[in-house]
Amino acid sequence: MNLQNDLILRAAKGEEIERYPVWLMRQAGRILPEYRAVRNSLSGFKELVETPELAAEVTIQPVDILEVDAAIIFSDILVVPEAMGLSYQMVEKKGPWFEETIRAESELSKLDDNIDVEDRLSYVTEAIRITNKELNGRVPLIGFAGAPWTIFCYMTEGQGSKTFSVARKILYTNPTLAHDLLNRITEVTIQYLHAQVDAGAHLVQVFDSWAGILGHEQYAEFGLKYLDRITEAIKDVPVTVFAKGAYSSMEAIADLSCNTVGLDWNMNMKEVREAIGEKRTLQGNLDPCALYSDHSEVERMTNNMLDSFISKRHIVNLGHGVYPDIDPEKVKTFIKTVKNYEIQF
Ligand code: CP3
């Protein structure tokens with residue numbers, strides 16, 4: 001199907017663009033009353049994730065309402081551990097909860113062997129097909145997965161954490177187990193991303209939300225090594241790597257076989273650009289909290305960010321997911337400002 005707006009794909013590939021493309025991490029979610037209406041009619045988050053027609057509906061909402069340049073399929077990174085045999089619950093106001101965790105070799109038997117990833121996650125590929133049909137080429141559709149390290153954090157810890165010290169302890173006390181589990185996650189993730197691309201995802205993003213809690217060398221061994229396998233395996237669509245907090249690994253991330261490097265709001269866009277040159281597109285990175293300011297401030301800060309770019313190779317986004325209590329009107333101001341901006345180069 002021909003895309004009417006392929007700006008984000010051209011930007012990712014470093015091709016000519018007439019303006020910067022813009023979308024928001026976590027755009028398909030709680031900031032929209034229209035999302036909450038669908039969500040509240042159901043038993044919970046998982047029912048929404050697992051019902052392809054409804055997942056497609058909330059995926060398209062931000063395209064209609066916020067006029068972003070890309071849709072991102074409504075799902076969660078935690079569908080991967082679930083497909084591997086560790087099911088999760090999304091506890092209201094608390095976040096993810098896993099009944100079972102993997103903290104010793106003997107516990108690897110909790111995982112299912114030789115799973116058919118496409119079959120277990122067919123609700124996601126079905127949602128991708130329905131979304132593309134309904135979008136009818138208006139904007140590209142982004143597929144995604146968690147990076148192996150971030151998924152490892154949840155599979156070992158069993159819930160969110162500020163430090164993920166259970167996960168990090170294993171890296172020191174049982175690196176063999178860590179690599180075994182990371183390997184298994186990587187294999188499933190590659191199959192899962194291939195399935196998303198086959199179903200119609202036009203670009204994929206890998207979220208390494210907990211990259212920043214590892215030291216430089218540990219991130220090379222337990223993070224980048226597996227991201228390298230994933231980025232080498234995905235060849236048919238542009239790949240974005242968003243490794244939150246991985247300040248000292250930005251050059252190494254840019255050396256991966258990816259098209260776009262995501263930056264969080266603490267990162268210095270200019271410094272990263274100077275370090276990596278023109279070889280990758282950069283994505284980000286307005287502080288999500290900036291959208292609590294009034295409209296004129298949002299506009300000013302967005303223009304400031306755009307003025308600071310020293311190259312054209314950019315996809316505009318926040319530095320992390322949009323916070324649930326942000327006024328959607330502020331998001332619209334952010335998006336409008338980016339769309340009205342005239343590129344200087
Ligand atoms: O970007 C989008 O709008 C698509 C949907 C999407 C969700 N989760 C839906 C969701 C995406 C891309 C994710 C990714 C995700 N999930 C990440 C990586 C991105 C990041 O924020 O760092 C992580 C770490 C998770 C795991 C997760 N899911 C947590 C920790 C939580 C609870 C905290 C929270 O943000 O609410 C979730 C729940 C979740 N995932 C919600 C949504 C819309 C809220 C649940 C609800 O609506 O009831």
Side-chain angles (χ1 to χ4, degrees), residues 22-51 54-63 65-66 68 70-82 86 88-98 123-124 127-128 131 139 141-155 157-162 164 167 189 192-193 196 201 203-213 240-246 262-265 283-285 288 317-326 328 331:
V22 56
W23 68 285
L24 280 82
M25 290 185 275
R26 299 297 200 100
Q27 66 189 19
R30 299 152 297 173
I31 60 159
L32 296 176
E34 292 83 353
Y35 166 82
R36 287 196 294 270
V38 176
R39 167 83 169 70
N40 290 340
S41 70
L42 303 170
S43 63
F45 173 74
K46 282 186 83 172
E47 189 183 350
L48 182 47
V49 166
E50 291 164 12
T51 310
L54 296 177
E57 183 181 337
V58 299
T59 298
I60 296 169
Q61 283 173 350
V63 179
I65 301 164
L66 305 172
V68 283
I72 177 162
I73 192 65
F74 185 83
S75 185
D76 201 88
I77 62 169
L78 301 176
V79 300
V80 164
E82 181 153 272
L86 288 194
Y88 72 97
Q89 293 165 43
M90 199 57 81
V91 184
E92 206 63 46
K93 299 211 158 55
K94 278 197 68 187
W97 170 259
F98 288 83
Y123 55 87
V124 181
I128 289 175
T131 302
V139 289
L141 178 59
I142 302 172
F144 72 91
W149 162 246
T150 289
I151 298 300
F152 177 94
C153 283
Y154 287 103
M155 291 178 83
E157 202 91 26
Q159 58 186 314
S161 161
K162 281 205 171 71
F164 281 98
T189 302
Y192 178 46
L193 288 171
Q196 291 186 55
L203 180 155
V204 294
Q205 174 156 327
V206 183
F207 287 90
D208 212 351
S209 305
W210 300 110
I213 62 175
T240 300
V241 174
F242 173 64
K244 189 175 177 298
L263 271 69
D264 72 42
W265 73 94
Q283 176 174 275
N285 73 337
N317 206 308
L318 301 178
H320 199 198
V322 61
Y323 298 137
D325 61 343
I326 292 286
V331 176

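For ligands, and for the atoms within them, numbers begin at 1 and follow the listed sequence. Quick caveat, the model's predicted, so the values are computed rather than measured. Scope of the values below: all heavy atoms of this structure, side chains included, with no hydrogens, waters or symmetry mates.
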One finds that the ligand 1 atoms under 4.0 Å from a non-hydrogen atom of A28 are 2 (C), 3 (O)

CG of N317 to CD of Q283: how many Å apart, nearest 0.5 Å? 4.5 Å

Taking 4.0 angstrom as the limit and counting only heavy atoms of G95, give me the atoms of ligand 1 inside it, by number and element. 32 (C)

Here the gap from I31 atom CD1 to I326 atom CD1, rounded to the nearest 0.5 Å, amounts to 8.0 Å

Which of the numbered atoms in ligand 1 are below 4.0 angstrom from a heavy atom of Y35? 43 (C), 46 (C), 47 (O)

Given Q27, R39, K94, which one has a non-hydrogen atom that is nearest to atom 46 (C) of ligand 1? R39

Taking D264 for its side chain and G245 for its backbone only, find out whether a donor-acceptor pair lies under 3.5 Å. yes

For atom 8 (N) of ligand 1, what is the closest protein heavy atom, and at what distance to 0.1 Å? D76 OD1, 3.1 Å

Short list, please: which atoms of ligand 1 are under 4.0 Å from a heavy atom of Y154? 24 (C), 30 (C)

What pair of heavy atoms forms the shortest contact from S75 to F144, and how long is it? C-CZ, 3.7 Å

Can you sort out which atoms of ligand 1 are near S75, meaning under 4.0 Å from one of its heavy atoms? 5 (C), 6 (C), 7 (C), 8 (N), 9 (C)

Report yes or no: does E157 contribute a side-chain atom to a donor-acceptor pair with the main-chain N or O of A167 at less than 3.5 Å? yes

Taking the six-membered ring for Trp and the full ring for Phe, Tyr or His, determine whether the centres of Y35 and F74 are under 6.0 Å apart. yes

Within the protein, is there a heavy atom lying under 4.0 Å from atom 39 (C) of ligand 1? yes

Short question: side chain of E82, backbone of Y88 - any donor-acceptor pair under 3.5 Å? yes

For atom 37 (C) of ligand 1, what's the nearest protein heavy-atom neighbour? Residue, atom name and distance, please. M90 CE, 3.4 Å

Rounded to the nearest 0.5 Å, what separation is found between the CD1 atom of I151 and the CG atom of L78? 5.5 Å

Contact between G146 and ligand 1, counting heavy atoms under 4.0 Å? no

Can you tell me if T59 contacts ligand 1 (heavy atom of the residue under 4.0 Å from the ligand)? no

Heavy-atom distances under 4.0 Å are what count here, so tell me which part of E92 touches ligand 1: side chain, backbone, both or neither. neither

Any nitrogen or oxygen of R26, main chain or side chain, under 3.5 Å from a nitrogen or oxygen of ligand 1? yes

Side-chain heavy atoms of V139 within contact of W23, under 4.5 Å: no

Looking only at distances, please establish whether an N/O atom of ligand 1 is found under 3.5 Å from an N/O atom of T150. no

Test V68 against V63 for side-chain contact (heavy atoms from CB on, under 4.5 Å), laying out the working first. CA-CA 5 Å; V68 283; V63 179; 4.2 Å; yes

Heavy atoms only: which of K93, M25, R30, Q205 lies closest to atom 36 (O) of ligand 1? R30

With a 4.0 Å cut-off on heavy atoms, is H320 touching ligand 1? yes

Can you name the atoms of ligand 1, numbered from 1 with element, that are less than 4.0 Å from a heavy atom of I73? 4 (C)

For the side chain of E34 and the backbone of Q61, is there at least one donor-acceptor N/O pair under 3.5 Å apart? no

Taking atom NZ of K244 and atom CH2 of W210, what is their separation to the nearest 0.5 Å? 7.0 Å

Which residue and atom name correspond to the protein heavy atom nearest atom 12 (C) of ligand 1, and how close is it? F144 CZ, 3.4 Å

The answer for which part of P96 has a heavy atom under 4.0 Å from ligand 1 is side chain

Go through it in stages, so that I can follow the logic: the residues are Y323 and L318, the test is side-chain contact (heavy atoms from CB on, under 4.5 Å), and I'd like the CA-CA distance, side-chain angles, deciding distance and then a yes or no. CA-CA 10 Å; Y323 298 137; L318 301 178; over 6 Å; no

Protein residue, atom and distance nearest to atom 23 (C) of ligand 1, heavy-atom basis: I77 CD1, 3.4 Å

For atom 41 (C) of ligand 1, find the nearest protein heavy atom and state the residue, atom name and distance (0.1 Å precision). F45 CE1, 3.6 Å

Is there a polar contact, in the sense of an N or O pair closer than 3.5 Å, between S209 and ligand 1? yes

